[in-house]
Colleague: 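Structure provided below as structure tokens; questions to follow.
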There are 2 protein chains.
Amino acid sequence: MMAPARRPGRTEREDAMTKGVPSIRDVADAAGVSTATVSRALSNPGVVTETTRRAVFDAIEQTGYTVNVAARNLRRRETGGVVVLVPNLGNAFFSLILAGIAEVMAEADLNVLIADTAPGVNDERQILDYLGNHRADGLIVLDGMLSADLLLDRGDPRTRAPLVFACEWVEDLVRPAVTIDNVAAARLAVRHLVDLGHRDIGHLAGPPGNVLTATRRAGAEQCLAEAGLDLRDDWFIDGDFSLRSGAAAAERWMALRHRPTALFCASDQMACGFIAALHRAGYSVPRDVSVVGFDDIEFAAHFVPPLTTIHQPRVEIGRTAARMLLRRMEARRMERPDPETTSETLPVRLVVRDSTRRVSV
Amino acid sequence: MMAPARRPGRTEREDAMTKGVPSIRDVADAAGVSTATVSRALSNPGVVTETTRRAVFDAIEQTGYTVNVAARNLRRRETGGVVVLVPNLGNAFFSLILAGIAEVMAEADLNVLIADTAPGVNDERQILDYLGNHRADGLIVLDGMLSADLLLDRGDPRTRAPLVFACEWVEDLVRPAVTIDNVAAARLAVRHLVDLGHRDIGHLAGPPGNVLTATRRAGAEQCLAEAGLDLRDDWFIDGDFSLRSGAAAAERWMALRHRPTALFCASDQMACGFIAALHRAGYSVPRDVSVVGFDDIEFAAHFVPPLTTIHQPRVEIGRTAARMLLRRMEARRMERPDPETTSETLPVRLVVRDSTRRVSV
DNA sequence: TCTGATTCTGTAATCGTTTACAACAGGACT
DNA sequence: AGTCCTGTTGTAAACGATTACAGAATCAGA
């Protein structure tokens with residue numbers, strides 16, 4: 001061992017060091033081994049001798065070598081990254097989910113690419129580009145409004161990057177998802193209002209067509225029906241999860257002749273927007289109307305009044321989705337059948353704060 | 001032209017099509033040209049004949065070819081992406097800045113990698129890995145708390161990826177930055193309070209050591225001094241930009257024997273946390289104390305009461321930083337000297353809402 | 001017809017890894 | 001001594017694009 005083995009092209013390693021980034025070749029020369037051995041010492045340390053390994057790591061230290069990911073990815077036929085499709089980066093709800101994903105992916109040494117699917121910021125071409133499996137080894141989709149066609153029509157099924165949904169999902173597409181039980185969660189929220197004696201309960205829903213909108217509304221209606229309560233059409237208001245749409249809903253509420261005494265909102269942002277707009281018009285929550293939110297974003301605990309809401313474990317949703325995707329990617333690498341088409345449902349809980357109160361008789 | 005020029009390895013193009021992703025080779029075969037021509041048709045359409053170009057694009061359409069970015073990046077010696085270092089993904093303030101960056105970068109066909117520098121999610125090794133110029137062609141840093149050493153000690157200056165700061169910056173490091181004039185902005189806020197007749201004005205600051213904390217505090221102190229007002233030490237409270245630290249500040253305020261009648265907060269989140277905590281204790285804003293925030297996040301307009309604050313053009317900050325980085329990257333590619341070490345300052349404005357009021361005499 | 005310029009295209013080297021395969025050394029066993 | 005492992009290393013061929021260079025084709029002008 002320790003044969004000099006000079007690189008044919010360059011005569012001096014010093015020379016190699018002065019220009020450009022050091023490559024595996026430079027490390028090999030410095031350690032007196034072949035590039036293959038360096039590669040092995042890095043990716044599979046068990047197979048090289050203790051002494052060799054030490055020599056290689058010393059050489060790496062000395063040269064300041066870092067692996068060229070483009071070359072590695074090319075050779076390994078993978079990209080070393082996953083992309084996350086987010087409906088709207090501007091929505092604070094997603095930040096902690098992304099944090100959870102980023103945390104797990106960083107452990108696995110995978111890049112996380114975040115793409116906003118909001119119209120305008122990425123057009124369909126861009127999204128398709130991400131889906132073509134040159135950009136990513138896997139995909140986490142947080143946007144249930146993407147068309148199933150878009151998600152399906154991409155390359156050969158065998159070469160297609162695995163996909164998992166989180167939070168939202170696309171109905172027509174059978175793919176594993178990490179979600180909460182939205183129906184049960186909505187029932188929890190409405191049940192709370194019923195228990196407080198409310199009989200006139202409205203619902204501020206998400207955007208039409210969204211799965212969360214549908215499931216949460218269904219849960220609310222079920223619970224209402226069980227309590228033998230009316231489902232008044234004019235008490236169901238369409239929103240879009242945003243603060244602004246909550247404010248718009250307040251206008252609707254105020255215009256009502258017969259107003260519900262309680263409102264279940266499909267997102268905290270809408271609940272806050274609703275409360276703030278009401279407040280500006282001189283109404284007060286929970287005095288004039290009780291409000292339940294959904295998500296338990298940070299602001300919920302720090303609103304005026306603090307918001308009663310459904311807590312979603314956002315970081316954990318992100319982590320779980322990431323781990324699930326990792327398993328599917330691993331299976332594909334090993335050419336094993338997909339380990340799971342089964343989804344995972346995370347528990348939610350009702351957090352009672354001050355935006356709801358017993359109905360005054 | 002139109003010579004068959006079969007690929008030596010495979011005999012039938014059909015064969016190539018059935019397995020794996022189509023490569024530039026498959027396109028070349030389908031179009032009856034060489035791979036070089038396909039590459040040229042793609043990256044420099046001007047130099048190939050109209051007919052050839054059409055043949056190539058037809059073949060691309062037909063084969064469903066998409067360029068393998070790993071191969072391209074390896075050959076071009078670039079990565080096709082930029083990374084953004086965010087202090088805390090969980091903080092909603094950054095979402096719109098990221099959206100602005102993503103928008104501009106998408107136009108330039110560059111990936112945006114987002115890395116959270118919060119302790120725990122990415123350790124120093126990870127961050128260094130991003131900085132080594134194998135992961136990214138450029139860097140946008142939103143975190144002013146990173147040590148200058150960390151940012152400096154990476155590889156050869158000539159091969160180092162260009163960096164621009166946005167919002168925050170590191171004092172010791174001479175790098176272009178996209179910022180607002182924090183001193184002037186703070187003066188604007190305090191001036192507003194002074195104009196309303198307040199003479200007892202406190203400041204809820206950011207985390208110690210942060211540049212924003214320092215500059216905003218300096219602006220506040222300047223304005224106070226000009227108005228001939230006391231700068232009481234116990235009216236300056238340390239925070240960390242979060243809702244929680246705003247709530248903590250409320251405890252401090254309530255414990256004060258002599259309380260300021262107005263508080264200038266270095267972030268909207270702290271302002272909201274402060275107001276909410278006060279409200280829970282039976283105090284009311286602006287009745288008991290006027291509050292000015294900073295940032296104008298979405299919630300500011302939808303809080304109870306709507307928050308008087310300093311508006312930051314967040315999307316525009318992101319866009320500007322992205323464009324600036326693009327220029328520096330371009331210059332480096334062309335081996336031109338860096339076009340700018342000069343920073344850019346974006347305008348802010350005071351948005352008066354309902355959390356401040358004229359002091360009652 | 002010949003020369004030279006111009007335009008287009010093909011050949012082949014190259015980017016920096018990984019990994020199948022072969023080679024080799026050393027030890028255990030017959 | 002010969003055979004067969006086992007463990008470690010080197011050789012060289014990929015991976016899929018880009019691009020310097022050279023060659024072919026076309027045309028103008030003499």
Side-chain angles (χ1 to χ4, degrees), chain A residues 1-10 16 19-29 31-56 60 63 65-80 132-134 159 333, chain B residues 1-10 16 20-29 31-53 55-56 60 63 65-80 132-134 159 333:
Chain A
M1 70 179 299
M2 288 295 160
R6 280 233 186 282
R7 162 146 51 151
R10 300 181 192 166
K19 57 169 166 183
V21 244
S23 78
I24 199 173
R25 186 71 256 174
D26 300 306
V27 177
D29 290 352
V33 299
S34 73
T35 61
T37 301
V38 176
S39 176
R40 278 187 288 250
L42 246 28
S43 58
N44 197 0
V47 303
V48 300
T49 326
E50 169 67 20
T51 42
T52 314
R53 198 186 322 144
R54 198 147 24 215
V56 168
I60 287 174
T63 53
Y65 168 77
T66 58
V67 45
N68 180 319
V69 284
R72 163 182 291 178
N73 292 341
L74 172 58
R75 178 57 226 236
R76 288 194 180 161
R77 300 164 139 271
E78 54 188 40
T79 70
N133 71 350
H134 281 313
T159 63
R333 236 194 330 270
Chain B
M1 69 179 296
M2 288 294 160
R6 280 227 189 282
R7 161 146 54 151
R10 300 182 191 163
V21 243
S23 78
I24 199 172
R25 187 71 257 176
D26 301 306
V27 176
D29 290 354
V33 299
S34 74
T35 60
T37 300
V38 176
S39 176
R40 279 188 286 253
L42 245 27
S43 59
N44 197 1
V47 305
V48 301
T49 327
E50 169 68 20
T51 41
T52 314
R53 197 185 324 144
V56 169
I60 287 173
T63 54
Y65 167 77
T66 58
V67 46
N68 180 320
V69 284
R72 162 182 292 178
N73 291 341
L74 172 58
R75 178 57 225 237
R76 286 194 180 163
R77 300 162 140 272
E78 54 188 38
T79 70
N133 72 349
H134 282 312
T159 65
R333 236 192 332 269

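Order of the sequence lines sets the chain letters (A, B, ...), proteins ahead of strands, with each chain counted from 1.
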Colleague: Has A:S34 got a side-chain N or O lying under 4.0 Å from the OP1 or OP2 atom of D:dG10?
Modeller: yes
Colleague: With a 4.0 Å cut-off on heavy atoms, is B:S39 in touch with a base, just the backbone sugar-phosphate, or nothing at all?
Modeller: base
Colleague: Take the protein atom CG of A:N73 and the nucleotide atom C1' of D:dA17, then report the distance between them rounded to whole Å.
Modeller: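 It is 14 Å, rounded to the nearest whole Å.
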Colleague: What is the distance, rounded to the nearest whole Å, between atom CD of B:E78 and atom P of D:dT18?
Modeller: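 Going from B:E78 (CD) to D:dT18 (P), I get 10 Å.
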Colleague: Write down the distance between CG (A:N44) and C1' (D:dT8), rounded to a whole number of angstrom.
Modeller: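 Spelled out: CG on A:N44 to C1' on D:dT8 is 12 Å.
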Colleague: Return the CZ to OG1 distance between A:R40 and A:T35, rounded to the nearest 0.5 Å.
Modeller: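 Taking CZ in A:R40 and OG1 in A:T35, the distance rounds to 8.5 Å.
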Colleague: Once you apply a heavy-atom cut-off of 4.0 Å, does B:V48 come out as touching a base, just sugar-phosphate, or nothing?
Modeller: sugar-phosphate
Colleague: If I take atom CG in residue A:L74 and atom P in nucleotide D:dG16, what distance separates them, rounded to the nearest angstrom?
Modeller: 7 Å
Colleague: Look only at the side chain of A:D29 and the backbone of A:D26, and say whether a donor-acceptor pair between them is shorter than 3.5 Å.
Modeller: no
Colleague: Tell me: CZ of B:R25 to C1' of C:dG10, nearest whole Å?
Modeller: 10 Å
Colleague: State whether B:S23 places a side-chain N or O below 4.0 Å from either non-bridging phosphate oxygen (OP1 or OP2) of D:dA17.
Modeller: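 Result: yes.
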Colleague: Measure from the side-chain N and O atoms of B:N68 to the backbone N and O of B:A71, and report whether any donor-acceptor pair falls under 3.5 Å.
Modeller: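 Yes: the side chain of B:N68 pairs with the backbone of B:A71.
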Colleague: In the structure I gave you, are the side-chain heavy atoms of A:I24 and A:S39 within less than 4.5 Å of one another anywhere?
Modeller: yes
Colleague: Just compare C:dG16, D:dT18, C:dT18 and give me whichever is closest to any side-chain atom of B:R72.
Modeller: D:dT18
Colleague: Considering heavy-atom distances to DNA chain C, does B:T37 or B:R76 have its closest nucleotide positioned more toward the 5' end?
Modeller: B:T37
Colleague: Does any N or O in the side chain of B:T49 come within less than 3.5 Å of the main-chain N or O of B:T51, such that one atom is a donor and the other an acceptor?
Modeller: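 The answer is no, because no donor-acceptor pair under 3.5 Å joins these two groups.
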Colleague: Output the single nucleotide from C:dA12, D:dC15, C:dC8 whose closest atom is nearest the side chain of B:T49.
Modeller: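 Of the options given, the side chain of B:T49 lies nearest C:dC8.
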Colleague: To the nearest Å, give me how far apart CG (A:D26) and P (C:dT17) are.
Modeller: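 Spelled out: CG on A:D26 to P on C:dT17 is 9 Å.
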Colleague: Take atom CD1 of A:I24 and atom C1' of C:dT14, then tell me their distance rounded to the nearest Å.
Modeller: 17 Å
Colleague: Starting at atom CZ of B:R77, determine the distance to atom C1' of D:dT19, rounded to an integer number of angstrom.
Modeller: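 Atom CZ in B:R77 sits about 13 Å away from atom C1' in D:dT19.
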Colleague: Report the residue (B:A71 or A:R40) whose heavy-atom-nearest nucleotide on DNA chain C is the more 5′ of the two.
Modeller: B:A71
Colleague: Checking contacts here: which listed nucleotide (D:dT8, C:dT9, D:dA17) is nearest the side-chain heavy atoms of B:T52?
Modeller: C:dT9
Colleague: For a quick check, tell me whether the side chain of A:R75 and the base of C:dT17 share a donor-acceptor pair closer than 3.5 Å.
Modeller: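 Side chain to base: no pair present.
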